[in-house]
Amino acid sequence: MMAGFWPTADSDPSSPASVAEFAAIWRDMPKFVFSRTLDRAGWNTTVVRDVVVEDIRALQARPGGDMLVGGADLAAAFMRLGLIDEFELYVHPVVLGRGTPLFSPSGVTPLPLRLTGTHTFGNGVVLLHYRRPRSESS
């Protein structure tokens, strides 16, 4: 999905400056795709088969910024293994009525979180930023 847009987004003259800037950042940024079906992926992307705690901790120890995890199933695996320190949840003003729940009740134990910030965007989307309390993430 990302590879269908970002690699060439800055070559479109109608792209806003912020989109063009992010396209260049996205191409250069190391990416890891968790997949059991892909053999390879382009644009500085490494395909990873399984979530291995030691491997993820090694990635987290690298310099360069935050690690983002997308997708309910992958996020649930990271949560079960205690690999998520912060949650940024974007709440969109749409009721879908179906889909994969982000916090599936199977296999995930209750996780206390502390709200550290919110931001409301002009389109009605609300960002909720939560952190695990220090004793939970150490």
Side-chain angles (χ1 to χ4, degrees):
M1 178 175 72
M2 300 290 278
F5 177 77
W6 289 111
T8 58
D10 55 349
S11 63
D12 181 350
S14 67
S15 291
S18 59
V19 169
E21 179 183 9
F22 185 74
I25 292 168
W26 184 89
R27 273 195 306 273
D28 293 339
M29 183 180 301
K31 293 167 283 300
F32 298 86
V33 172
F34 288 81
S35 173
R36 293 194 176 99
T37 58
L38 288 177
D39 291 322
R40 60 186 170 80
W43 308 106
N44 200 16
T45 302
T46 301
V47 176
V48 180
R49 297 283 177 227
D50 295 299
V51 179
V52 177
V53 173
E54 295 77 18
D55 295 344
I56 302 303
R57 292 280 183 222
L59 287 173
Q60 290 173 328
R62 287 182 175 181
D66 296 330
M67 177 186 290
L68 304 175
V69 176
D73 293 336
L74 184 60
F78 273 64
M79 283 188 289
R80 275 193 303 276
L81 296 169
L83 295 168
I84 299 178
D85 298 322
E86 298 183 25
F87 293 84
E88 286 189 351
L89 305 174
Y90 292 84
V91 180
H92 292 257
V94 175
V95 176
L96 298 175
R98 63 181 176 186
T100 303
L102 178 57
F103 301 107
S104 174
S106 62
V108 177
T109 58
L111 180 63
L113 300 173
R114 182 172 44 87
L115 181 65
T116 59
T118 64
H119 180 81
T120 302
F121 297 90
N123 61 357
V125 173
V126 178
L127 165 62
L128 304 170
H129 186 202
Y130 292 94
R131 281 194 62 75
R132 292 173 62 181
R134 282 276 185 216
S135 61
E136 293 293 324
S137 62
S138 342

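Other residues, nucleotides and ligands place more than 12 heavy atoms under 6.0 Å from the CZ atom of Arg49. Annotation for Asp66: atom CG does not count as buried by contact number, only 12 or fewer foreign heavy atoms lying within 6.0 Å. Heavy-atom neighbours of Glu21 CD from other residues, nucleotides or ligands within 6.0 Å: at or below the threshold of 12.
You'll find the side chain of Met67 reaches within 4.5 Å of the side chain of Phe78, heavy atoms only. Contact annotation: the side chain of Leu127 never approaches that of Val125 to less than 4.5 Å [non-hydrogen atoms, C-beta and beyond].
Put simply, Val126 and Leu115 are part of the same group of oily side chains (I, L, V, M, F, W, Y) that touch within less than 4.5 Å, one to the next. Met29 and Val33 fall into different hydrophobic clusters, defined by Ile, Leu, Val, Met, Phe, Trp and Tyr side-chain heavy atoms under 4.5 Å apart, directly or through other members.
Rounding to the nearest 0.5 Å gives a distance of 9.5 Å between NE2 of His129 and CZ of Arg114. Here CD of Glu88 is found 8.0 Å from OG1 of Thr116. Values are rounded to the nearest 0.5 Å.
Asp28 and Asn44 get closest at one heavy-atom pair: O-ND2, 2.8 Å. Taking every heavy atom of both residues into account, Ser15 and Ala9 meet most closely at OG-O, 2.7 Å. The minimum heavy-atom distance linking Ser35 with Leu38 is given by the pair OG-N, 2.9 Å.
Using cut-offs of 30° and 60° on the angle between ring planes, the pair Trp43 and Trp26 is tilted.
Side chain of Gln60 to backbone of Leu83: a donor-acceptor contact under 3.5 angstrom is found.
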| How far apart are the C-alpha atoms of Val47 and Asp39, what are their side-chain angles, what is the distance that settles it, and do they pass the side chain to side chain contact (heavy atoms under 4.5 Å, CB included) test? | CA-CA 7 Å; Val47 176; Asp39 291 322; over 6 Å; no
| said: One pair to check against ring-ring contact (aromatic ring centres under 6.0 Å, His included): Phe121 and His119. What are the steps and the verdict? | reply: CA-CA 6 Å; Phe121 297 90; His119 180 81; 4.4 Å; yes
| message | Evaluate Asp10 against Arg27 for side chain to side chain contact (heavy atoms under 4.5 Å, CB included), listing each step before the verdict. | response | CA-CA 11 Å; Asp10 55 349; Arg27 273 195 306 273; 2.8 Å; yes
| request: Decide yes or no on side chain to side chain contact (heavy atoms under 4.5 Å, CB included) for Leu81 and Ile56, but give the supporting numbers first. | output: CA-CA 10 Å; Leu81 296 169; Ile56 302 303; over 6 Å; no
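When each of Asp85, Leu113, Ile84, Leu111 is checked for a side-chain contact (heavy atoms from CB on, under 4.5 Å) with Tyr130, only Leu113 meets the rule. Evaluated for a side-chain contact (heavy atoms from CB on, under 4.5 Å) with Phe34, the options Asp73, Val51, Asp50, Val69 yield exactly one hit, Val51.
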